[in-house]
Number of protein chains: 2
Amino acid sequence: MNYAEFCKEIEMEKAAAFRNAVESNKGSIKIKKEKKLSENLSRIFDATIELANEKGFQAMSMRDLSSKASLSLGALYSYFSSKDELLEMIQGYSLAMVSVILTDSIKKETDSSKKLERAIRTHVYITEYMQPWFYFSYMEAKNMDRPAQKRAIEGELFTEKIFSDIIESAVSGKKPGDHDPVMTASLIKAMLQDWYLKRWKYRKRKIGPDQFADFLISFIRSSIM
Amino acid sequence: MNYAEFCKEIEMEKAAAFRNAVESNKGSIKIKKEKKLSENLSRIFDATIELANEKGFQAMSMRDLSSKASLSLGALYSYFSSKDELLEMIQGYSLAMVSVILTDSIKKETDSSKKLERAIRTHVYITEYMQPWFYFSYMEAKNMDRPAQKRAIEGELFTEKIFSDIIESAVSGKKPGDHDPVMTASLIKAMLQDWYLKRWKYRKRKIGPDQFADFLISFIRSSIM
DNA sequence: AAAAATATAACGAACGTTCGATTTTTTTTA
DNA sequence: TAAAAAAAATCGAACGTTCGTTATATTTTT
């Protein structure tokens, strides 16, 4: 599997996750027609991500959003009930994406070592594919209300658990006690996050997702094996 | 060296960095008396850090700051000329801290391997000591104006260069071509940043700075050696 | 007393949000 | 199929707040 292949397979799951995000916020959406809703809401999402990653979500005004999404102020509020809710819809979307994709992906391998490799690779690819979304979720987490913050933390721990479980079974019996799987998973997660948080750096150095995944895998492999 | 020892040695350098931060913004400070200035400005800094790490710098109002720092709105503006300038003063402060401390620290070792170990340990300790400051600088970087953003990026690359230089001389001749020092330094930096960005996680798991530094060093050593 | 520092009230600008009027789209009717 | 009616969606002005900042008056320190 490489990044190009990954992209082809992802489109459907992306659409499904979007429909799911819409479904769980149906209550505060005033738009009736499915087509209008998905067209305009995804344009609103894109515009929000773009503006927020430029100047921060708080600093982005509804008037900024209105002009970038080509909808009037009043119209915007037919798609969500408040600015905060908009933020949480986007968070829910990207949170669902990473956990679904990751869980599905590791089922395709049985060998622990291969499983770990695949998990890392998939994480790099999905965060490459939706980089602005993950950057947004990471940076705006502390501006969310308590329940949304809790969801963000649980999301982080969920993916970390995927890694620590794999490591546990991968290194069991090999070098007992030498490396704590939980700590190792923590560090892996940190390195994976660097990929979507510091894109400017890797772009400048002309390092693509495949290259990054390869390097990261060999770095980790030689450390825990 | 452990964290407790580190703390004893740091106080002087911290005070020097603070004086330096004041000095380079003297132009917009209306307070004449040295004592008043350092007392109140450091209280303003602390209050800003605390509020910004709670709800974000943008969301923090000058009225919030006024009440937390126990100074009237008008009085605040005798210590800086605008909210943005306050942000940049704080950024300059923590940026200067890490580079001075790190540069000084690695001079104390000659062996490359020891040098790397010491650099990592020192980075963990200084970011532990001033955790809220580094968290602040990281999270608010994208809300700063262009020149301040440039400074933040240069700061990141500066410390990364310190690591890649050491790695280069440490692994030269050992495993040629196997690990790109620049990429390795990038990953090390990512893991070091995790320490001050995810404090809630490490605190919950009862992992202190000494433990984290030990683990990180052994993780990296087994990977590049 | 003079100088330095603080407090208070007020400024215009910009914010998120709402609401009734208006336009666009869909459905019904002839 | 074309006109009329109903429904859905959009619009832009306006609301009440809150924001960063300032000018002036007052208090504290020298």
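- Taking 4.5 Å as the limit, every side-chain heavy atom of A:S94 sits out of range of all side-chain heavy atoms of A:F136.
- The one candidate from B:Y202, B:Y138, B:W133 that meets the side-chain contact (heavy atoms from CB on, under 4.5 Å) condition with B:Y196 is B:Y138.
- A donor-acceptor pair under 3.5 Å links the side-chain atoms of A:T103 to the main chain of A:S99, judged by distance alone.
- The nucleotide range of DNA chain C contacted by chain B, defined by atoms under 4.0 angstrom from heavy atoms of the protein and reported 5' to 3', is C:dA4 to C:dA10.
- If you check residues 51-64 of chain A against DNA chain D, the residues with a heavy atom closer than 4.0 Å are A:R63, listed by number.
- Among A:D210, A:D214, A:N2, the single residue meeting the side-chain hydrogen bond (donor to acceptor under 3.5 Å, both in side chains) criterion with A:R121 is A:D214.
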What does the list of N/O pairs under 3.5 Å between the protein and nucleotides 24-30 of chain D look like, with a distance for each?
none

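- Distance B:K83 NZ to D:dT22 C1': 17 Å, rounded to the nearest Å.
- In this structure, CD in B:E156 is found 4.0 Å from NZ in A:K201, a value given to the nearest 0.5 Å.
- Nucleic acid contact class of B:F80 (heavy atoms, under 4.0 Å, all strands): none.
- Pairs of residues two or more places apart, or lying in two chains, that qualify as side-chain hydrogen bond (donor to acceptor under 3.5 Å, both in side chains) and include a residue from residues 3-15 of chain A are A:E11-A:Y129.
- Between A:F163 and A:H123 there is a side-chain heavy-atom pair separated by less than 4.5 Å.
- In this structure, the side chains of B:I101 and B:F6 come closer than 4.5 Å at one or more pairs of heavy atoms.
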Show which side-chain atoms of residues 67-77 of chain B pair as donor or acceptor with protein atoms under 3.5 Å away, not counting sequence neighbours.
from  : atom 1 : to    : atom 2 : distance (Å)
B:S67 : OG     : B:D64 : O      : 3.2
B:K68 : NZ     : B:E50 : OE2    : 3.1
B:S72 : OG     : B:A75 : N      : 3.2

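- Screening B:F215, B:F212, B:Y135 for a ring pair (Phe, Tyr, Trp, His ring centres under 6.0 Å) with B:W195, the sole residue that qualifies is B:F212.
- Here A:E160 contributes atom CD and A:T184 contributes atom OG1; the two are 10.5 Å apart, rounded to the nearest 0.5 Å.
- The stretch residues 68-77 of chain A comes close to DNA chain D through A:L71, A:S72, A:G74, A:A75, each having a heavy atom under 4.0 Å from the strand.
- Residues B:L192 and B:T127 form no side-chain contact, since every pair of their non-hydrogen atoms from C-beta on lies 4.5 Å or further apart.
- No contact: A:D84 has no heavy atom under 4.0 Å from any strand.
- Rounding to whole angstrom units, NZ of residue A:K32 and C1' of D:dT10 are separated by 15 Å.
- Put simply, the side chain of B:K204 does not reach to within 4.5 Å of the side chain of A:I153, judged on heavy atoms.
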